[in-house]
Amino acid sequence: MSNYDVVVIGSGPGGYVSAIRCAQLGMKTALVEKYDTLGGTCLNVGCIPSKALLDSSHHFEDTQKHLEGHGIEISGEVKLNLAKMMERKSGVVAQTTKGIDFLMDKNKIEVFHGLGSFQDAHTLTISGKKEQTISGKHFIIATGSKPASLPFIKLDKKRVITSTEALSMTEVPEHLVIIGGGVIGLELGQVYRRLGAQVSVVEYMDRIIPTMDGAQSKELTKVLKKQGVKFYLSHQVQGVKTTKNKVTVTALDKKGQEVSFEGDYCLVSVGRKPYTEGLGLVKAGVGVNERGQIQVNDHLQTNIGHIYAIGDVVRGAMLAHKAEEEGVMVAELIAGQKPHINYNLIPGVVYTWPEVASVGKTEEQLKEAGVAYKSGQFPMRALGRSRASGDVDGFVKILSDAQTDELLGVHMVGARVADLIAEAVTAMEFRASAEDLARMSHAHPTYAEAVKEAALAATENRPLHI
Ligand code: FAD
Ligand code: NAD
């Protein structure tokens, strides 16, 4: 039986990054993955394929609707080849997952394919093509998550689907009914809207992306409505029925009246749940909480000291970069270092167009906590860069402490804000004030100028270009 310093279970962004950091720190490391390809949800059926389809569908929509305005005329019909679009997406995924194989080889990490299952707190069997048993001084559980559903919904994965099926459709739905106006519902909803589907989003709360700043929900709703997405907010879904080619979703509207939506597909995107099936947690003595998440302390240690857990399978935001930070932190803790994660500064992004990006506290959170704050907002449409590209929707909003001016939250909607948010993360990591941001030179013309202008608005209410 081979013995390792560290055995990492699960090869998503949490697991594979953790394995690399363990190997960098000189530990003999094994990585166990139940599927044939590495990369987990994010690379195979999450971040990467969804962004590939968002990009492809964006090109399609631009070519159909926006190129003419730039003086580019297309003779003949702009046609969709969905099979080719999906093939490209699969190619992007394959290229990315192969990159992880390369990284594992480069770092001399031994990879096992098969379901890892604890026999006791130091032994793991791997049931793949041939069963193998390995032992470890330390374990890092990074088994991720699976789509959640509602108790009365049967996910048949044909008409009533999750994000996984929505990323590999063989036809564009006529009417896609989406339950849940969170990140997945909006990103994939926008993909199929652009490709020609009628899209209806049925959301339980009174706004979409309900955990983000209210101003972002409002702006994104406005823009997506303009693009033709229909929203049914404060709707409580009661049932989903399927016939051969149709799906009917029934819900109670805000007045308590029953309404129904008939579509050919229903995407259920009401969140994800931690995945620990078959892992043998009981045999290892590892505890989970009432939500099924593996219980960990501030050092991501389970109740069994040498077994750690990271990423989607533990508490906190279900984001690839959060999983990666936790993977690095655990590797460094095992190596005796003293790393730290500032969870307040893990940015959140929705990759619709315009993009939505946030870091720190929302205005709603500051109000609830009774924090005195200042707010400054600057619209993208006032920027020369936005007018040049035609991406005029959105804003940058900056919240800073009323007394000290320290940045408390930065919230953006607009072109390329997924990348712009890094400036806010850096500034907040160094505990900058809004005035610090306002006094830094931002290249002209760029979307980043909106950050400077919003900071000027927050500091002394003196933006320059509005
Ligand atoms: P996962 O990536 O889920 O990986 C877990 C791995 O463990 C899987 O490969 C699984 O097969 C394996 N495994 C499970 N049990 C066992 C076992 N017993 N033995 C062996 N292997 C096992 N996040 C972002 O930050 N940005 C995005 O743009 C983004 N887009 C997304 C789009 C979609 C459609 C979805 C569904 C998710 C998206 N996410 C995004 C979320 C992101 O994918 C997750 O937060 C991230 O993958 C979590 O990483 P992880 O390492 O914890 O787990
Ligand atoms: P989510 O938590 O983002 O959104 C779920 C939505 O469903 C919420 O708006 C919620 O109010 C709503 N909802 C819950 N129960 C409902 C009900 N009964 N009826 C109607 N609406 C209901 O979850 P998701 O969109 O499924 O995504 C899952 C996870 O994947 C998220 O945690 C997210 O962080 C991650 N993800 C991230 C990205 C990204 O970073 N760009 C992209 C996709 C997914």
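In listed order, ligands and their atoms are each counted from 1.
Summary of contacts: the protein heavy atom closest to atom 38 (C) of ligand 1 is Cys47 N, 3.9 Å. Of all protein heavy atoms, the one lying nearest to atom 21 (N) of ligand 1 is Lys34 N, 3.1 Å. In terms of protein heavy-atom proximity, atom 2 (O) of ligand 1 is nearest to Thr41 N, 3.0 Å. Scanning the protein for heavy atoms near atom 18 (N) of ligand 1, the closest one is Gly116 O, 3.0 Å. At the top of the distance list for atom 53 (O) of ligand 1, counting protein heavy atoms only, stands Gly144 CA, 3.2 Å. Here the heavy atom of the protein found nearest to atom 41 (C) of ligand 1 is Met318 O, 3.6 Å. Nearest protein heavy-atom contact of atom 36 (C) of ligand 1 is Arg272 NH1, 3.4 Å. Counting protein heavy atoms only, atom 35 (C) of ligand 1 is closest to Gly46 CA, 3.6 Å.
Residue contacts with ligand 1: Gly278 is placed with no nitrogen or oxygen under 3.5 Å of a nitrogen or oxygen of the ligand (distance criterion only). By the 3.5 Å distance cut-off applied to N or O atoms, His235 is not counted among the residues near ligand 2. The distance criterion of under 3.5 Å between nitrogen or oxygen atoms is met by Glu33 with respect to ligand 1. No N or O atom of Arg272 sits closer than 3.5 Å to an N or O atom of ligand 2. Between Leu319 and ligand 1, at least one pair of N/O atoms sits closer than 3.5 Å.
The heavy atom nearest to atom 44 (C) of ligand 1, out of those in Asp312, Leu281, Thr143, is found in Asp312. By heavy-atom distance, the residue among Tyr351, Phe152, Tyr204 lying nearest atom 21 (N) of ligand 2 is Tyr204.
By the 6.0 Å and 45° rule, Lys283 does not stack over the aromatic ring of Phe118.
Residue contacts with ligand 1, taken as heavy atom pairs separated by less than 4.0 Å, involve Ser145 solely via the backbone atoms N, CA, C and O. With a 4.0 Å heavy-atom cut-off, ligand 1 is reached by the backbone of Ala320 and by its side chain too.
Residue Tyr35 approaches ligand 1 through these ligand atoms, each under 4.0 Å from one of its heavy atoms: 11 (O).
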**Request:** Go through Ser18 and Tyr308 one step at a time and tell me if the side chain to side chain donor-acceptor pair (under 3.5 Å) criterion holds.
**Result:** CA-CA 11 Å; Ser18 195; Tyr308 295 78; over 6 Å; no
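His175 is linked by a ring-ring contact (aromatic ring centres under 6.0 Å, His included) to nothing, counting only residues two or more places apart in sequence or in another chain.
Not a single heavy atom of Glu324 lies less than 4.0 angstrom from ligand 1.
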